[in-house]
Visitor: 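Just passing along the structure, written as structure tokens.
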Protein chains: 2
Amino acid sequence: MAKAERGPRERMIFSAAQLIRRDGVVSTGMREVAVDAAAPRGSLQHYFPGGKAQLVDEAVGWAGGYAAGRVERFLAALPEPTPSGLFASMVRQWTDEYEADGFAGGCPVAAALVDCAEAVPSTRKAASAAFSTWTGAVAEALTEMGVPGERAGPLATLMISSLEGAILLARAERDVRALTTVARELGPVLDAAVREKGG
Amino acid sequence: MAKAERGPRERMIFSAAQLIRRDGVVSTGMREVAVDAAAPRGSLQHYFPGGKAQLVDEAVGWAGGYAAGRVERFLAALPEPTPSGLFASMVRQWTDEYEADGFAGGCPVAAALVDCAEAVPSTRKAASAAFSTWTGAVAEALTEMGVPGERAGPLATLMISSLEGAILLARAERDVRALTTVARELGPVLDAAVREKGG
DNA sequence: CCTCGACTATGACCGTGGTCATAGTAGTCT
DNA sequence: AGACTACTATGACCACGGTCATAGTCGAGG
């Protein structure tokens with residue numbers, strides 16, 4: 001991951017997301033975040049007066065924006081954009097990471113949900129917003145590829161649901177099998193939704 | 001949920017699963033489990049000398065068996081078994097719960113993974129085994145319905161991945177939309193895998 | 001009755017971690 | 001220089017929670 005050379009505030013949000021991804025929200029300490037971000041501990045209460053909840057919420061929001069940004073970049077990188085190609089790119093981001101760095105991390109939004117959905121209302125809303133941002137980006141990409149408007153939303157939901165679930169399975173099994181499986185199974189289904197253009 | 005009138009040990013495992021489902025592993029205290037199970041605190045160290053890890057592992061294992069058992073019961077309850085019907089039943093279990101009791105809980109296996117996958121190796125293995133048990137039951141059901149053997153496994157993985165992901169989305173959004181969407185989108189795909197029998 | 005095992009009951013210990021309080025530094029504007 | 005703001009630095013407080021130690025109950029068997 002590119003180490004953004006931004007200010008300490010952004011570095012802490014980024015570090016929080018990374019640590020949450022690996023250990024979950026509750027097991028991730030504020031002090032730990034500061035150390036990981038090479039930021040002074042005192043900055044935590046300065047930049048995040050709302051405490052841990054605020055930091056977590058911002059980390060979740062960052063993750064949502066990051067995922068949406070990736071979708072756009074995947075789209076731009078595809079020589080011939082197809083829904084299956086986009087989904088394959090999204091999945092490959094995970095298989096690449098798992099094969100290169102091991103199965104240490106999951107999705108930070110999922111982690112925040114599991115740990116905070118019931119206990120911290122603002123975090124649940126942040127997670128909802130993150131998914132919404134992400135799903136919106138995917139749906140928009142599908143529409144640009146020729147998927148009818150009323151089909152783009154449901155298919156985006158299906159893609160992200162499958163991906164999130166496959167991430168869980170892959171992490172449990174320490175094997176990318178589930179990820180490659182959903183990509184292979186869903187690819188043709190997604191492409192079938194593109195309205196025929198050329199014949 | 002039927003309150004099993006078993007011994008305190010099983011009640012504690014059941015309670016642990018329920019609490020983990022709602023709050024995650026780390027936020028669920030041992031004392032809390034004992035109270036919820038109406039079991040004496042002293043029984044914790046008696047029945048689970050391996051400590052919290054053992055309790056969590058057994059809760060995850062119980063959840064896997066429970067899910068697999070549900071699959072068989074869904075299958076038996078379907079007048080005319082089809083893959084889409086089975087998947088609809090699996091999804092409906094969640095929509096029913098969410099509509100009746102609110103969006104408080106997620107999948108305990110997912111929760112255990114998020115919180116412990118990296119920190120507690122035995123729990124990661126327990127989660128893997130739980131998914132395996134569950135996936136196996138689904139694959140077997142698909143095979144009985146006429147899905148070719150080499151297709152059953154991948155489709156079972158797809159079903160469980162989508163379901164797990166949709167649970168996350170539904171909980172975030174506090175709306176069963178994602179669950180009903182994946183059921184609707186995947187139904188025809190699953191049924192298409194049944195080899196034609198009658199024409 | 002005594003004992004032994006299974007189970008229950010509690011209090012103590014100790015690390016962890018979020019938060020708060022209080023200061024200290026550094027740069028800038030007047 | 002003085003003052004004001006932004007940021008850094010730390011120590012203390014306090015609650016929580018897993019674990020351990022110790023002891024109590026209670027039924028069965030001899």
Side-chain angles (χ1 to χ4, degrees), chain A residues 4-60 108 111-112 114-116 118-123 126, chain B residues 4-60 108 111-112 114-116 118-123 126:
Chain A
E5 285 305 342
R6 307 292 174 75
R9 190 175 197 281
E10 293 190 8
R11 285 207 315 276
M12 283 189 278
I13 294 174
F14 179 80
S15 285
Q18 297 304 115
L19 294 171
I20 287 169
R21 210 158 98 70
R22 197 185 60 191
D23 300 320
V25 169
V26 187
S27 299
T28 297
M30 301 276 279
R31 292 165 171 85
E32 191 185 358
V33 171
V35 169
D36 187 86
R41 208 187 77 176
S43 297
L44 280 168
Q45 69 181 294
H46 183 255
Y47 289 113
F48 307 97
K52 189 175 188 178
Q54 183 185 356
L55 176 59
V56 171
D57 291 358
E58 297 208 28
V60 168
V114 162
D115 277 355
C116 309
E118 198 58 17
V120 188
S122 70
T123 301
Chain B
E5 285 306 343
R6 306 292 175 74
R9 190 174 196 282
E10 293 192 7
R11 287 207 314 276
M12 282 188 279
I13 294 174
F14 179 79
S15 286
Q18 297 305 116
L19 293 172
I20 287 169
R21 212 159 97 65
R22 195 185 60 192
D23 299 321
V25 170
V26 187
S27 298
T28 297
M30 302 276 277
R31 293 164 170 86
E32 190 185 359
V33 169
V35 169
D36 188 84
R41 209 185 87 189
S43 297
L44 280 168
Q45 70 182 293
H46 183 254
Y47 290 112
F48 306 96
K52 189 175 188 178
Q54 183 185 356
L55 176 59
V56 170
D57 292 357
E58 298 209 29
V60 168
V114 163
D115 277 354
C116 309
E118 198 59 16
V120 188
S122 70
T123 301

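Naming: A, B, ... by sequence-line order, numbering from 1 per chain. Small disclaimer: the values here were computed from a predicted structure and weren't measured.
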Visitor: Could you tell me the separation between the CD1 atom of Ile13(B) and the CZ atom of Phe48(B), rounded to the nearest 0.5 Å?
Guide: 4.0 Å

Visitor: I need the CZ-C1' distance between Arg31(A) and dT16(C), as an integer number of Å.
Guide: 8 Å

Visitor: Given atom CZ of Arg41(A) and atom P of dT16(C), what is their separation to the nearest angstrom?
Guide: 14 Å

Visitor: Once you round to the nearest 0.5 Å, how far does CZ of Arg11(B) lie from CD of Gln18(B)?
Guide: 14.0 Å

Visitor: Reckon Glu32(A) touches a base, only the sugar-phosphate, or nothing at all at heavy-atom distances under 4.0 Å?
Guide: nothing

Visitor: Which donor-acceptor pairs under 3.5 Å do the side chains of residues 34-45 of chain A make with protein atoms, sequence neighbours left out?
Guide:
residue: Asp36(A); atom: OD2; partner: Ser15(A); partner atom: OG; Å: 2.6

Visitor: For the pair made of NZ in Lys52(B) and P in dG15(C), what is the distance, rounded to whole Å?
Guide: 19 Å

Visitor: Where the side chain of Asp57(B) meets the backbone of Ala126(B), is there a donor-acceptor pair that is under 3.5 Å apart?
Guide: no

Visitor: I'd like the 5' and 3' limits of the part of DNA chain D contacted by chain B, with heavy-atom contacts below 4.0 Å.
Guide: dG17(D) to dA21(D)

Visitor: Find out whether Val33(A) and Leu55(A) are in side-chain contact, i.e. whether some heavy atom of one side chain is under 4.5 Å from a heavy atom of the other.
Guide: yes

Visitor: With nearest nucleotides of DNA chain C determined for Val25(A) and Gln45(A) from heavy-atom distances, which residue corresponds to the more 5′ nucleotide?
Guide: Val25(A)

Visitor: Under the salt bridge (charged side-chain N to carboxylate O under 4.0 Å, His left out) rule, collect the residues that match up with Glu58(B), sequence neighbours excluded.
Guide: Arg9(B)

